[in-house]
Structure formats: C-alpha cells, structure tokens
**Student:** 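Let me begin by handing over the structure; questions about it come next.
The analysis underlying the following values was restricted to heavy atoms, covering all of them including side chains, and did not include hydrogens, waters or symmetry mates.
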Amino acid sequence: MTNTLFDALFAPLAGRDRPLMILPDGQEISGDRFLRQVARLAHALSASGVQPGDRVAVQVAKSPAALAVYGATVALGAVFLPLNTAYTADEVDYFLGNATPRVFLCDPVKRAALLPVARRHGVQVMTMGATGGGELADLAETQPETFDAVPRGPGDLAAILYTSGTTGRSKGAMLSHGNLLSNAQVLADLWRFTADDVLLHALPIFHTHGLFVASNISLLTRGSMIFLPGFDADQVVSLLPRATAMMGVPTFYTRLLDDPRFTRDLAGHMRLFISGSAPLLAETHRAFEDRTGHRILERYGMTETNMNTSNPYEGDRRAGTVGLPLPGVELRIMGEAGPLPPGEVGVIEVRGPNVFQGYWQMPEKTAEELRADGWFITGDLGTQDADGYVTIVGRAKDLIITGGYNVYPKEVELLLDEQPGVLESAVIGLPHPDFGEAVFAVLTAQKGAQLDAEAVLAGIRDRLARFKQPKAAVVVDSLPRNTMGKVQKNLLRAAHAERFRLS
C-alpha cells in the first residue's frame, strides 16, 4: 500500500540534484537533500512518540526545515497542524486543547511562555528556530536519511487547518490526502506549471495558500521555489528575474506597484502572477496590467476546500471576478428555495474532491455546513454570470479577510466589551487599499464613562494576533439597530467606508 500524498509530492525528490529551494542568501537546496532532511525529521518525530493518526502542531517561522516537518508528518501517516505564528499563548491554548497533538513544535524564544499551556494539555514541546535549529533538529541530526512512509490512502487524514467560527470559536477543517493531492493536480494543470518553473514563494506556510497551493504545486511538478521568509520588496525585486511565476495576496501587488523599481522590463520575463486569499480590487488589477502588461490571475478558495474557482490561464481574466469553477468542482448559487439563476446573489456552495471531511470534534457544525450529499455551504455570497464567472459580493457570516487572514468580529468584540468603560462594540471590515479589508471597531461608552479609543485598543493588544487587532476605532453615542435589536453592520460599513481609502 502506498502513502498517497508522500508518494506524489516527496518520494520523487530522491536523487534530484536540481534545486528545490533557492534562498535569499543564494544558497540552494536540492530535492534529494530536502528529502533526506524529511527522512531524518520523520525518524525524530517517531522517536518522540508520534504515531500514525497523531497530530503534530507547528508554530514556527517559515524555513526549509519547517516545510520538511510537513513532509515528515505526512511520511509518518500523522496529521499536520500548522498554526499562525502571530497567535498568542491564549489562542494556542485553545488549539492544543481541541486538537490534542502528540507534539507541539514552537520557536525557542516562545518556549517559556508556551510550555505551561502545552503541559496543561499533556502535549510534548519541542523547538525549531527561524533557521531550522532547535531540539527537533538536534534529535534529527543523527537519524537515518531514508524513511519508509507509513501507508495512507486518499481518504486518510493529512492535515487539520483551523478556521474561525461565527461565535469566535475556531473550527478544525479536516483535509485528507485525496483532498490535497487532487487540488494540487488540478491547479498545476490549469495554471501550466512544469519542472521548468521557478515560483517566487513569499507566502507563509501556516496557511492554505502558501502550504497547500504554492508548495504542493511546486513539489508535485518538480519545479523550484525562491523560498523567502516573507514578503520584502527589496528581496522580491532583486530575485524576480530568476522566477517564472509568483503567488501572492493583494497586499504583495499593491506594494510592488508602490515601488518604482517594479517596471514592465522587470516583470517582462514572468509567465504568471496569481492572487488570492483576499479580494483583489479591480483598480489594482487594472493598474498592474498598465504597469507590467500582465493580467493578474485571481482565484477563490477556502480553508475547508483549498481552491474552488480560477480565472483561466488562457482566456478572459475578468477583473473583479474569481473566475470559473475548477475542473471537477461543482458550484451553485443557492437561495432559500434552491439554486438561483445567473446574475442573482445567493450563498455559494461547492462540491468536489477538494472539499474537506468535516470539522474536528464538531459533528453538529459539520452537519450545519456540509450537506449529506457533499455540498459545502461556504457562507460567501456571490453571483455567477451566464458565462460561468463567479463574483464574490459579500460574506453571510461577517467574516473579515485582512491581508489574506480570516477574522471573525465576535472574537474581537468579546475582548473589546471587557475593556473598562466600554458598553458595547461592533467590529466590521472596511475597504483598505493594501490589505483588502481592515478591521475597524465602533465603540459605545458606559454611562458616565469617557472612552479613549486608542486606550481601548491598547488594552487588547496582547490578547490577539496582530492581524486580528482593529487598525482604528471610533466612539459613537449608539449603534444602529433593526426592529429586532440586531446591530446593522451594513450601516456602519457605509458610514465609515472611506476611513482607509487614503491609507
């Protein structure tokens, strides 16, 4: 029996001398060298007690070693659980308690703060630094350089990625070997990736975009990656001439457009620019084409499904749309009475081999959002035109996507409401030219209290990841409500829509 994901992505690296990764300092890591690192790490995790089916939680800086831990976990038949590096100890506490991983890999600098959290849930802590060093690397150093992958089939669980819930409680989306491999295969074919491609990879690898789209496609097609720790305009401009393709969030492209060094000549040799994880403003799409001659290819995905739609590689890439359903993926726009005709707004539902297996330890939530016949209710509002192109027009669940990361207002509101003098808060997403959306808070004061909006925001700063923190706040006399007493966030968004236009 084979290991579905390992055999497709990692095993073929054996004996490959060509670079898999090109690092900012010019160092190159061959495919064979990377596979040997995967093997050593798999042995090290096994020696640490990781068994098939166990979860391996990882909150470490992006590095070749961090990606190798993903491969090692897959080889072991275990379940990879990447966590945003911005999460605080309070946030990590929930994930470790819910997922009960066997091992939690963290940055050495954060070990002291995270150790009590891990011990509370009986989780073993190991460290890995930004360059890949640490306790796990020390253990792996003397391990064998080959590893017989544990058999795993398409339906076996490969990863859990957490996505926020409407109540602020995160849900662990269970993704199988088949989910991840099928999506990588479809995208690689659709976007014409080959072994000759060099992907400029500046995305984080705790997120579906950087890990299961960018990395998986490069591994599957035997291409190379310019593997950057994050987006740095100087590095991107310097290394772009070596790349053939780039994947990014809208923020990457707006920042490149702000850089006078980013010219038509610099981008002239590129084959493809792809954008996702947040809405790409139509004006950004047009400005990018005017500057470079390239039309950015925008697509649409979710943690629970990876990618669902894409504008075509060859054909009309329509600004403001997320393109057509992927081959093998069914998509429908649903109203209260059933599927809607072209042009009408409804809830997007998708079905296909990319759709997740359900939410970890949440059967009720799974039943609410994943129909028995396989249709997943995304909660996104959209339209589909007569040509099949999909446009996202809003989110039924008030989800805010800022810089490619998901934020649910309720989680932030609960903390704001605890602050001295705050009577009530409403958190909304406002258009932002750099981040797609910015988190914004509207506050009301308790009777007799004098609120300082900045002081309130400072009060929650250490309790939330930075991307969840409101970029600004305003104090008002009262929040607008409908006849049922529900806060009308649409009115708040309209009232403050221009807040970040000039940011």
Side-chain angles (χ1 to χ4, degrees), residues 45 48-60 66 69-70 73-74 76-107 110-111 113-126 156-176 179-180 204-208 211-212 302-306 355-370 376-377 379 397 399 405-415 462-465 467-468:
L45 288 172
S48 302
V50 176
Q51 299 293 317
D54 284 343
R55 277 72 61 205
V56 176
V58 178
Q59 190 193 34
V60 299
V69 173
Y70 164 48
T73 304
V74 170
L76 276 167
V79 181
F80 192 63
L81 174 57
L83 297 174
N84 192 317
T85 53
Y87 284 144
T88 66
D90 285 346
E91 291 166 311
V92 170
D93 181 79
Y94 169 75
F95 301 123
L96 299 188
N98 184 253
T100 60
R102 175 74 63 179
V103 167
F104 172 45
L105 194 60
C106 72
D107 191 297
K110 297 182 179 180
R111 188 180 191 278
L114 293 169
L115 187 59
V117 173
R119 282 178 173 168
R120 182 157 54 248
H121 301 293
V123 179
Q124 180 183 354
V125 174
M126 303 186 79
D156 286 314
L157 196 57
I160 296 175
L161 264 65
Y162 276 88
T163 181
S164 295
T166 54
T167 63
R169 186 184 180 197
S170 294
K171 302 168 293 185
M174 299 186 292
L175 297 161
S176 71
N179 290 151
L180 299 180
I205 57 172
F206 53 72
H207 188 276
T208 235
L211 185 62
F212 296 144
M302 302 182 70
T303 300
E304 292 94 338
T305 63
N306 289 319
V355 173
F356 74 136
Q357 309 297 294
Y359 294 114
W360 176 260
Q361 295 186 338
M362 291 185 179
E364 299 86 359
K365 183 58 67 175
T366 298
E368 287 176 14
E369 301 187 20
L370 188 59
F376 174 56
I377 306 167
K397 302 174 184 177
L399 175 68
Y405 302 134
N406 293 353
V407 179
Y408 270 92
K410 191 66 176 177
E411 181 183 10
V412 186
E413 288 165 355
L414 290 172
L415 294 179
D462 294 333
R463 300 181 65 186
L464 279 177
F467 69 86
K468 297 180 183 179

**Student:** Counting only N and O atoms by type, is there a donor-acceptor contact under 3.5 Å from the side chain of Trp360 to the main-chain atoms of Asn98?
**Tutor:** yes
**Student:** Does some side-chain heavy atom of Ser176 sit less than 4.5 Å from a side-chain heavy atom of Asp156?
**Tutor:** no
**Student:** Report the C-alpha separation of Met302 and Phe356 in whole Å, then their side-chain angles, then the decisive distance to 0.1 Å, and conclude whether the side-chain contact (heavy atoms from CB on, under 4.5 Å) test is met.
**Tutor:** CA-CA 10 Å; Met302 302 182 70; Phe356 74 136; over 6 Å; no
**Student:** Using the test ring pair (Phe, Tyr, Trp, His ring centres under 6.0 Å), find all partners of Phe104 that sit at least two apart in sequence or belong to another chain.
**Tutor:**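 So Phe104 forms no ring pair (Phe, Tyr, Trp, His ring centres under 6.0 Å) with any residue.
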**Student:** Could you pull out all residues at least two apart from Arg120 that satisfy side chain to side chain contact (heavy atoms under 4.5 Å, CB included)?
**Tutor:** Asp93, Val117
**Student:** Could you tell me which non-hydrogen atom of Asp107 sits nearest to which non-hydrogen atom of Val60, and how far apart they are?
**Tutor:**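 Here Asp107 and Val60 meet closest at N-CG1, 4.1 Å.
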**Student:** Can you list the residues that meet the side-chain hydrogen bond (donor to acceptor under 3.5 Å, both in side chains) rule with Gln124, with sequence neighbours excluded?
**Tutor:** none
**Student:** Enter the distance from Ser170:OG to Tyr94:OH here, rounded to the nearest 0.5 Å.
**Tutor:**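 Separation between the atoms: 6.0 Å.
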**Student:** Are the side chain of Tyr87 and the backbone N or O of Ala465 linked by a donor-acceptor pair below 3.5 Å?
**Tutor:**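 It does not hold such a pair.
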**Student:** Looking at Lys110 and Thr85, would you say the former's side chain and the latter's main chain have a donor-acceptor pair under 3.5 Å?
**Tutor:**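 A pair under 3.5 Å: yes.
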**Student:** Just do the side-chain contact (heavy atoms from CB on, under 4.5 Å) check on Asp54 and Val79 with the steps written out, would you?
**Tutor:** CA-CA 6 Å; Asp54 284 343; Val79 181; over 6 Å; no
**Student:** For residues Leu464 and Glu411, determine if any side-chain heavy atom of one lies less than 4.5 Å from a side-chain heavy atom of the other.
**Tutor:** yes
**Student:** Less than 4.5 Å apart, any side-chain heavy atom of Phe206 and any of Val58?
**Tutor:**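 No, every pair of side-chain atoms sits at 4.5 Å or beyond.
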**Student:** Could you grab the distance from atom CG of Leu81 to atom CG of Leu161, nearest 0.5 Å is fine?
**Tutor:** 7.5 Å
**Student:** Find the distance between CG (Leu96) and CG (Leu114) and round it off to the nearest 0.5 Å.
**Tutor:** 8.0 Å
**Student:** Quick one about Tyr162 and Asn84 (side-chain donor to acceptor, distance below 3.5 Å, no hydrogens or angles considered), yes or no?
**Tutor:** no
**Student:** Restricting to side-chain hydrogen bond (donor to acceptor under 3.5 Å, both in side chains), what partner residues turn up for Glu413, sequence neighbours left out?
**Tutor:**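 Counting only residues at least two positions away or on another chain, Glu413 forms a side-chain hydrogen bond (donor to acceptor under 3.5 Å, both in side chains) with Lys489.
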**Student:** Centre-to-centre under 6.0 Å for Phe212 and Tyr70, is that the case here?
**Tutor:** yes
**Student:** Quick check for you: to the nearest 0.5 Å, what is the distance between Asn306 atom CG and Thr208 atom OG1?
**Tutor:**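 Taking CG in Asn306 and OG1 in Thr208, the distance rounds to 4.0 Å.
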**Student:** Does any non-hydrogen side-chain atom of Gln357 lie less than 4.5 Å from one of Leu175?
**Tutor:**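 No, their side chains stay 4.5 Å or more apart.
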**Student:** Taking Arg55's backbone N and O only, do any of them form a donor-acceptor pair with Arg102's side chain (distance below 3.5 Å, no angle check)?
**Tutor:** no
**Student:** Kindly indicate whether the side chain of His121, heavy atoms from C-beta on, has any atom under 4.5 Å from the side chain of Thr100.
**Tutor:**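 No, every pair of side-chain atoms sits at 4.5 Å or beyond.
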**Student:** Is there side-chain contact between Val69 and Leu105, with heavy atoms separated by less than 4.5 Å?
**Tutor:**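 They are in contact (side-chain heavy atoms under 4.5 Å apart), so the answer is yes.
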**Student:** Residues two or more places apart in sequence or in another chain: which of them pass side chain to side chain contact (heavy atoms under 4.5 Å, CB included) with Pro52?
**Tutor:**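 Val150, Arg152.
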**Student:** Kindly give the heavy-atom pair with the smallest separation between Gly172 and Ile160, and that separation in Å.
**Tutor:** CA-CG2, 3.7 Å
**Student:** Do any N or O atoms from the side chain of Glu369 and from the backbone of Thr366 form a donor-acceptor pair under 3.5 angstrom?
**Tutor:** no
**Student:** Could I get the full list of ring pair (Phe, Tyr, Trp, His ring centres under 6.0 Å) partners for His207, not counting sequence neighbours?
**Tutor:** Tyr405
**Student:** So do Lys468 and Glu91 actually touch side chain to side chain, heavy atoms under 4.5 Å?
**Tutor:** yes
